[in-house]
Novice: 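Dumping the structure here so I can ask a few things about it.
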Amino acid sequence: MTEALRPFRADHVGSLLRTEPLKEAREKYFEGNLSKDELKKVEDEEINKIVEKQLEVGLKSITDGEFRRAYWHFDFLENLTGIEDYEPEIGLTFNGVETKKHDVRVVQKVEFNPNHPHFEHFEYLHKQVDGRAVSKVSIPSPNQLFHPNILNHDIYPDIHDFAKDVSEAYRQTILKFYELGCRYLQIDDVYWAGLAATKQLIKNRERTEDEKAEAIKLAAKVVNDSLRDLPNDLLITTHICRGNYQSSWAISGGYEPIAKELFTEKLQGFFLEYDDNRSGDFEPLRHFDRDDAYIVLGLFTSKTGELEDKENILNRLDEATEYVSKDQLCLSPQCGFASTEEGNILTEEAQWKKLAYIVETAKEVYGEL
C-alpha cells in the first residue's frame with residue numbers, strides 16, 4: 001500500500017439532522033417573518049453546536065451538517081452559472097414517498113461561479129473547526145447534471161460539449177475551495193447508482209445496453225476531467241447514494257454493472273452503501289484494483305436509530321477483506337442523516353449515539369482513526 005491521503009477509519013457522509021431552533025428559524029424566514037441576517041445568526045449558532053458535538057463523539061472530519069441547505073444537491077447546483085431552479089409538476093419519488101416539487105435545469109452555458117454562496121459557508125465552518133480536526137465539504141457530483149430533463153439540447157446539442165463545460169466549472173470550484181483552506185472534499189453521486197439499476201428510463205423509454213455503456217463511460221470521464229491538475233494534498237472522495245429522504249430510498253441494486261468504470265475515478269476514497277440487501281454483495285469490489293485509494297463501507301444505516309450488532313459489523317468487514325485489504329477499508333453510515341432538511345426518522349440523540357458507535361467500532365478494529 002502506497003502512502004496516500006485517505007478518509008478516516010470512522011467517517012461520515014456529511015449531512016446531519018436539523019435542530020429544532022434551525023427548523024423554526026427557516027420556517028419563519030420562508031414565511032417572511034425572519035430576515036436573512038436573523039436566519040444566518042441562527043444557522044451560525046446551530047452550526048457552532050454541531051461542530052463541537054462532532055468533535056465530542058470523536059469524528060475527525062467535521063462538516064456544517066448542510067445546515068444552510070434545503071437539499072444536499074439543488075442548493076449547490078442552482079448556484080452554478082447557467083443553472084436555475086424551478087418547480088416541476090411532481091416531486092422526486094422515494095419508495096412511494098414524494099418530495100417537495102423542486103428541480104434544476106440548464107438555461108445557458110455552464111460556468112464556474114466565483115461568488116457561489118457555498119464558498120462563504122465553507123469559510124465559516126473552517127474558522128469554527130480552527131485546526132482541531134479536518135473541515136470537510138460535500139458537494140453533489142457533476143454527474144447530477146446528467147439526469148434526464150436537466151440538459152437543454154438547444155444550448156448543448158452535443159452532450160460532450162456540456163460535459164466539458166460542467167467538468168471545467170467543477171474543477172475551478174474545487175480549486176476555489178482549496179484556496180479557502182479545504183483539504184477534504186466529497187462529491188455525492190446518485191447518478192452512478194441509477195446507472196447500476198437494471199431498468200433505466202430516459203425520456204419515458206428504457207435505455208438500451210449500448211446507451212447504458214456510453215453513459216457509464218461518460219460518468220467516469222466527467223468526474224476525472226473535473227479532477228485534472230488539482231493539488232496533491234487535497235483529499236477527494238465520492239459517496240455513491242441510492243437516495244435518502246425521510247428514511248426512504250429511491251434505487252436498489254448492487255454495484256456490479258458500474259464497478260469497473262467507477263473505480264477508474266481518480267479519487268482517494270469511495271463511500272459505498274452496504275447497510276442492507278438493496279446494496280448487493282461485496283463481489284463487485286474485486287474490480288477495486290488500486291493501491292492509492294480506500295473503500296469506505298457504509299455498514300451502518302442512517303435511516304434508523306437502532307444500533308447495529310457489532311459482531312455482525314465485524315463479520316461483514318471480514319467478508320469485505322476477501323476483495324479489499326483491511327488496510328484499505330474504513331467505516332461510516334451508508335448515507336447522511338438529512339439529505340434534505342426534513343431529515344431521516346430518528347432522534348438527534350440516536351444520530352449522535354450512532355456516530356459515536358462507529359468511532360468506537362473503528363478504534364476497536366484499527367486502534368486509531
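Keep in mind it's a predicted model, so treat the numbers as computed, not measured.
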Novice: Going by the side-chain contact (heavy atoms from CB on, under 4.5 Å) test, name the single residue among L185, D189, N143 that passes it with T238.
Specialist: D189
Novice: Under 4.0 Å between a side-chain nitrogen and a carboxylate oxygen: does that hold for D233 and R183?
Specialist: yes
Novice: Find out if a path of hydrophobic residues (ILVMFWY) with successive side-chain heavy-atom gaps under 4.5 Å connects I139 to I150.
Specialist: yes
Novice: On the 0 to 90° scale, with breaks at 30° and 60°, tag the F119-F112 ring pair as parallel, tilted or perpendicular.
Specialist: tilted
Novice: I'd like to know if K28 and E31 make a salt bridge, using a cut-off of under 4.0 Å between side-chain N and carboxylate O.
Specialist: no
Novice: Would you check if P140 and Y170 make a side-chain contact, meaning some heavy-atom pair closer than 4.5 Å?
Specialist: yes
Novice: Do the rings of H147 and Y191 sit parallel, tilted or perpendicular, given the 30° and 60° boundaries?
Specialist: perpendicular
Novice: Scan E308, E349, E306, H12 and name whichever one has a side-chain hydrogen bond (donor to acceptor under 3.5 Å, both in side chains) with K354.
Specialist: E308
Novice: Can the ring centres of F270 and F263 be said to be less than 6.0 Å apart?
Specialist: yes
Novice: Kindly say whether S302 contributes a backbone atom to a donor-acceptor pair with the side chain of N344 at under 3.5 angstrom?
Specialist: yes
Novice: Quick one: do K23 and E341 make a salt bridge, cutoff under 4.0 Å?
Specialist: no
Novice: Establish whether F30 and Y86 are linked, either directly or via other cluster members, by ILVMFWY side-chain heavy-atom contacts under 4.5 Å.
Specialist: no
Novice: Identify whether the distance between the nearest side-chain nitrogen and carboxylate oxygen of R132 and D130 falls below 4.0 Å.
Specialist: no
Novice: So that I know where these two stand, are Y255 and Y274 an aromatic pair - ring centroids less than 6.0 Å apart?
Specialist: yes
Novice: Determine, for F162 and K109, whether the Lys NZ or Arg CZ falls below 6.0 Å from the six-membered ring centre while staying within 45 degrees of the axis.
Specialist: no
Novice: If you count the non-hydrogen atoms of other residues, nucleotides and ligands that lie under 6.0 Å from CG in N312, is the total more than 12?
Specialist: yes
Novice: Run the salt-bridge test on R286 and E322 with the 4.0 Å N-O cut-off and return the result as yes or no.
Specialist: no
Novice: So do the side chains of E46 and R18 get within less than 4.5 Å of each other, counting heavy atoms only?
Specialist: no
Novice: Under a single-linkage definition using a 4.5 Å side-chain heavy-atom cutoff for Ile, Leu, Val, Met, Phe, Trp and Tyr, are L55 and I50 assigned to the same hydrophobic cluster?
Specialist: yes
Novice: Just wondering, more than 12 heavy atoms not from K310 lying within 6.0 Å of its NZ?
Specialist: yes
Novice: When you check the gap from the basic side-chain N to the acidic O, do K49 and D44 get nearer than 4.0 Å?
Specialist: no
